[in-house]
Every structure is written in C-alpha cells, then in structure tokens.
Amino acid sequence: MLKVRVIPTLLWKNFGLVKGVGFDSWRRVGPVLPAIKVYNTREVDELVLVDILAHAGQDDPDFESIDEFGQDCFVPLTVGGGITRIDQVQKLLRAGADKVSINTAAYERPELINEIAKRHGVQCVVASIDVRQDGHGGYDCYSNAGQRATGREVVEWAKELEDRGAGEILITSIERDGTMQGYDLALVEMVVKAVNIPVIASGGAGNYAHMVQAVVEAGASAVAAASIFHFTEQTPAGAKAALAAAGVPVRASFKPDPAR
C-alpha cells in the first residue's frame with residue numbers, strides 16, 4: 001500500500017482564504033501566505049490551493065501571486081482555478097506549482113487533460129470532481145465551483161479522466177463540504193473501485209476518525225481537508241499519528257531545505 005497523504009485545502013478568493021459549507025465559501029480565514037508558512041511547519045504532505053472565483057472570468061491565473069506563494073512553500077503544491085490552456089499550465093509550473101488541478105475546463109474541453117499529461121506527465125494532472133447526490137443512489141458532477149450541473153455521472157467521468165491521463169482524482173462531496181460530519185464513504189469507495197489511480201477524499205472531515213475511515217473503509221490514497229484545520233485544534237501531524245495508529249502507512253515529515 002502506498003503511503004497515505006494528508007493534504008490541507010486552501011480556498012483562495014480575491015485576496016485571502018475563505019471557508020464555508022456546501023461550497024458557499026463566505027467566511028474569511030486569513031491571508032494565503034501566512035497559512036502556507038504555518039503548514040510548512042505542520043508536517044503536511046502536500047497543499048492544494050484553489051482560486052474559487054477564477055472559473056467565472058476570462059483572465060489568466062494569477063501567476064505573480066503563485067510565484068510569491070511558491071517561494072515560501074516547501075511541500076508539493078497543487079494549484080487550481082481558471083486553468084483552460086496548456087500554456088497556463090507551463091507558466092504555473094514555472095511559478096512554483098508542482099501539479100495543476102483541473103475541474104471546469106475538463107468538462108468544456110476534455111482534451112486539455114490529454115495535453116497536460118502528454119507534455120508534463122500524468123503526475124502533474126489532478127482531476128477534480130465535485131458531486132452532489134442525484135436522489136437515486138448515484139452522483140452527478142458539477143462544474144463552476146459546484147454551481148452548474150454537467151450531466152456527467154461520477155463513475156463514468158472518473159474513468160474517462162483516467163483514460164485521458166489524469167494522475168489522480170480529487171473527489172469532493174459538495175453536500176458534505178464544510179459540515180465536518182465525515183466524508184461520503186460510499187462516494188469515495190465508488191470512485192476508488194472505478195479507477196486505478198490514486199483517489200483523494202475531500203469534503204466533510206471533522207476528526208481524525210473520519211480520515212481513518214476514508215482510507216481503511218473506502219480505500220482513499222489521500223485525505224484532503226480544510227475546516228478541521230482552520231476551525232479546530234486538530235492538526236495534520238495529529239491526523240498522521242491517528243492514521244499510523246490505525247495501521248495506515250504515512251509519509252515521513254517533509255523537511256524544508258534551509259538553503260532554499
């Protein structure tokens with residue numbers, strides 16, 4: 001079994017970080033750069049930074065800010081939001097991103113996944129899928145920060161993304177987002193069984209037990225979370241300790257290069 005990763009998610013809106021419930025991200029939780037610096041010291045395996053407004057406009061991603069954040073981020077950084085072209089991916093990687101997360105653009109032009117994987121490798125592509133229950137035991141995929149139904153069913157879409165070259169899938173339950181009531185284990189397990197690439201569980205973590213369940217019961221390769229780290233005393237290091245105590249292999253702490 002691969003070592004399981006603990007990944008804080010940072011939702012970037014205008015000039016700072018926000019968090020809410022069910023993708024209604026209204027509560028401000030502070031600026032981006034200090035949060036990154038704090039997580040550098042808290043034994044996180046990776047960070048995901050998503051500009052949640054970028055899908056709504058035609059502007060390029062904020063390369064200048066990503067460059068600034070990247071200089072102070074000593075763990076692998078995944079950047080998402082507003083990525084629609086391969087040249088933007090190149091610029092983000094040069095600015096300090098290690099991976100890119102693609103959501104809305106994949107529905108509009110699925111070939112983008114193929115292009116990124118071909119030019120930069122599958123390890124660079126995180127396919128982000130946001131879903132809601134359909135009322136019949138299934139799940140529908142949504143784009144534009146959970147605002148627009150795509151008509152895609154989650155299992156078939158996950159399979160297509162894998163076929164196109166996605167290196168891993170970030171699966172988020174919109175209904176569980178921010179509730180801290182636990183991941184949607186049925187959803188996570190459904191996607192895990194459908195693909196052969198790592199699946200990151202997202203949406204609903206409220207305690208360490210939820211993270212253990214996502215891995216042990218649903219088969220996730222990583223757990224992403226935001227509210228638990230913003231609004232409680234629980235930490236990424238504590239999450240890794242709980243996972244290890246449950247027999248889950250976790251990564252050793254990432255040690256920043258003091259010369260960087």
Side-chain angles (χ1 to χ4, degrees), residues 4-5 7 9 11 19-25 48 50 52 55-56 78 80-81 83 101-114 117 122 125-207 209-228:
V4 170
R5 294 162 288 157
I7 308 174
T9 302
L11 302 181
K19 194 68 189 80
V21 176
F23 279 33
D24 183 10
S25 297
V48 171
V50 179
I52 62 173
H55 68 274
T78 298
I83 302 169
S101 174
I102 308 295
N103 187 305
T104 297
Y107 298 105
E108 298 171 351
R109 196 170 71 83
E111 300 81 16
L112 179 62
I113 302 295
N114 302 73
V122 297
V125 191
V126 178
S128 174
I129 308 177
D130 301 328
V131 304
R132 299 181 189 272
Q133 295 183 24
D134 65 6
H136 304 286
Y139 297 86
D140 293 328
C141 301
Y142 282 71
S143 66
N144 297 79
Q147 298 175 23
R148 183 179 299 171
T150 66
R152 295 274 192 166
E153 187 275 329
V154 65
V155 167
E156 292 306 313
W157 183 231
K159 289 179 178 179
E160 179 174 341
L161 291 168
E162 179 183 26
D163 290 342
R164 289 185 176 276
E168 55 189 329
I169 289 175
L170 173 63
I171 184 71
T172 304
S173 165
I174 298 172
E175 290 137 325
R176 295 291 183 100
D177 172 65
T179 65
M180 294 197 288
Q181 295 177 356
Y183 297 103
D184 186 331
L185 300 181
L187 168 64
V188 175
E189 183 177 13
M190 183 182 299
V191 176
V192 168
K193 289 182 175 180
V195 299
N196 296 306
I197 55 178
V199 174
I200 306 167
S202 175
N207 55 53
H210 292 153
M211 295 181 171
V212 172
Q213 289 172 340
V215 176
V216 175
E217 298 180 23
S221 297
V223 286
S227 295
I228 183 176

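Source: prediction; values computed, not measured. Hydrogens, waters and symmetry mates play no part in the numbers below; they use all other heavy atoms, side chains included.
Gln213 contributes atom CD, which lies 5.5 Å from atom NE2 of His210 (distance to the nearest 0.5 angstrom).
The minimum heavy-atom distance between Thr104 and Ala145, with the atom names listed, is OG1-N, 4.4 Å. The minimum heavy-atom distance between Tyr142 and Ala149, with the atom names listed, is CD2-N, 3.5 Å. Between Leu161 and Ala127, the shortest heavy-atom distance links the atoms CD1-CB, 3.7 Å. Across every non-hydrogen atom of Gly146 and Ile174, the tightest pair is CA-CD1, 3.8 Å. Summarising the geometry of Cys141 relative to Ile129, their closest heavy-atom pair is SG-CG2, 3.7 Å, with the distance given to 0.1 Å.
Under the rule for a salt bridge (Lys or Arg N to Asp or Glu O under 4.0 Å), the partners of Glu160 that lie at least two apart in sequence or sit in another chain are Arg152, Arg164. For Arg176, the salt bridge (Lys or Arg N to Asp or Glu O under 4.0 Å) criterion is met by no residue, not counting sequence neighbours. Evaluation of the side-chain contact (heavy atoms from CB on, under 4.5 Å) rule for Lys193 yields Glu189 as partners, not counting sequence neighbours.
Using a 4.5 Å heavy-atom cutoff, the side chains of Asp184 and Glu175 are not in contact.
Side-chain contact check for Thr172 and Ser202: at least one donor-acceptor pair (N or O, by modelled atom type) lies under 3.5 Å.
Atom CZ of Arg148 sits in a sparse spot, with 12 or fewer heavy atoms from other residues, nucleotides or ligands closer than 6.0 Å.
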